[in-house]
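Every number for a ligand or one of its atoms is a count from 1 in the order of the listing. Numbers for residues simply follow the sequence, beginning at 1. Everything quoted here is computed from the prediction, not taken from an experiment.
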Amino acid sequence: MAYSYDPTNIFARILRGEIPNRTVIETEHTLAFEDINPSAPVHVLVIPKGPYVCFDHFAADASAEEIADFHRAVAGICRKLGISPGEGGQGYRVLSNAGHHGHQEVPHYHMHLLAGRPLGPMLAR
Ligand code: 5GP
């Protein structure tokens, strides 16, 4: 996989404890924290602790344990925040930006979890 990870990126610094964050959930392989510039009443960033640049890098190179931990952490946040439609919540959107066309700003894989209001159509046309 032709990815090289930049350990100076802002999320790497959060993981090293160099920058504070408002943690929502932390597990062995995953950290979730509030986005500093929220786009919705709920805007959580979920990141693996390992050095993965974007979604396909993580999906290709992370261990099965890391991948399961990451997704179970997302489910745990949905439960914790009461947004799971399966449990009476109003729903949410997950998305992940990758690379230039994806408008990714921070080169450490992260999933945005957005909720708390109707989120509108998926993309502006
Ligand atoms: P991207 O465009 O890479 O998908 O999203 C990066 C996200 O990281 C943005 O929503 C931005 O607000 C958030 N962000 C950038 N720097 C920080 C930071 O220092 N702390 C937190 N909590 N979020 C950040």
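- At distances below 3.5 Å, at least one donor-acceptor pair connects side-chain atoms of Q104 with backbone N or O atoms of V53.
- Counting heavy atoms from C-beta outward, V106 and L45 have side chains that stay 4.5 Å or more apart.
- Checked against a 3.5 angstrom limit, the closest N/O atoms of H43 and ligand 1 fall outside it.
- Polar contact check, I19 against ligand 1: no nitrogen or oxygen pair lies under 3.5 Å apart.
- Residue contact check for ligand 1: I10 places a non-hydrogen atom closer than 4.0 Å to it.
- In terms of protein heavy-atom proximity, atom 1 (P) of ligand 1 is closest to H110 NE2, 3.1 Å.
- Ligand 1 is never approached by R13 to a heavy-atom distance shorter than 4.0 Å.
- Side chain of K49 to backbone of E66: no donor-acceptor contact under 3.5 angstrom is found.
- Among protein heavy atoms, the minimum distance from atom 17 (C) of ligand 1 is reached at I36 CG2, 3.7 Å.
- With a 4.5 Å cut-off on side-chain heavy atoms, L31 and F11 do not count as touching.
- At most 12 heavy atoms of other shown residues, nucleotides or ligands fall within 6.0 angstrom of atom CZ in R72.
- The closest protein non-hydrogen atom to atom 8 (O) of ligand 1 is F11 CZ, 3.4 Å.
- In this structure, Y92 is a member of the same hydrophobic cluster as L81, with clusters built from ILVMFWY side-chain heavy atoms closer than 4.5 Å.
- Counting atoms of ligand 1 from 1 in the listed order, those under 4.0 Å from a heavy atom of Q104 are 3 (O).
- Counting the atoms of ligand 1 from 1 in the order shown, those under 4.0 Å from a heavy atom of F33 are 21 (C), 22 (N).
- Heavy-atom neighbours of E26 CD from other residues, nucleotides or ligands within 6.0 Å: above the threshold of 12.
- Under a 4.0 angstrom heavy-atom cut-off, R22 registers as lying outside contact with ligand 1.
- Contact annotation: the side chain of F55 approaches that of Y109 to within less than 4.5 Å [non-hydrogen atoms, C-beta and beyond].
- The protein non-hydrogen atom at the shortest distance from atom 12 (O) of ligand 1 is D35 OD1, 2.5 Å.
- Annotation for ligand 1: atoms under 4.0 Å from non-hydrogen atoms of N37 are 12 (O).
- In the vicinity of L45, heavy-atom distances shorter than 4.0 Å reach the ligand 1 atoms 8 (O), 13 (C), 23 (N).
- At least one N or O atom of N97 sits closer than 3.5 Å to an N or O atom of ligand 1.
- With hydrogens left out, the protein atom closest to atom 3 (O) of ligand 1 is E105 N, 2.7 Å, a heavy atom.
- Distance from atom 22 (N) of ligand 1 to its nearest protein heavy atom, with residue and atom name: E34 O, 2.9 Å.
- Between the side chain of K80 and the backbone N or O of V24 there is at least one donor-acceptor pair closer than 3.5 Å.
- Counting atoms of ligand 1 from 1 in the listed order, those under 4.0 Å from a heavy atom of H103 are 2 (O).
- A donor-acceptor contact shorter than 3.5 Å links the side chain of H110 to the backbone of H108.
- Checking side-chain atoms of R16 against main-chain N and O of P7 turns up a donor-acceptor pair under 3.5 Å.
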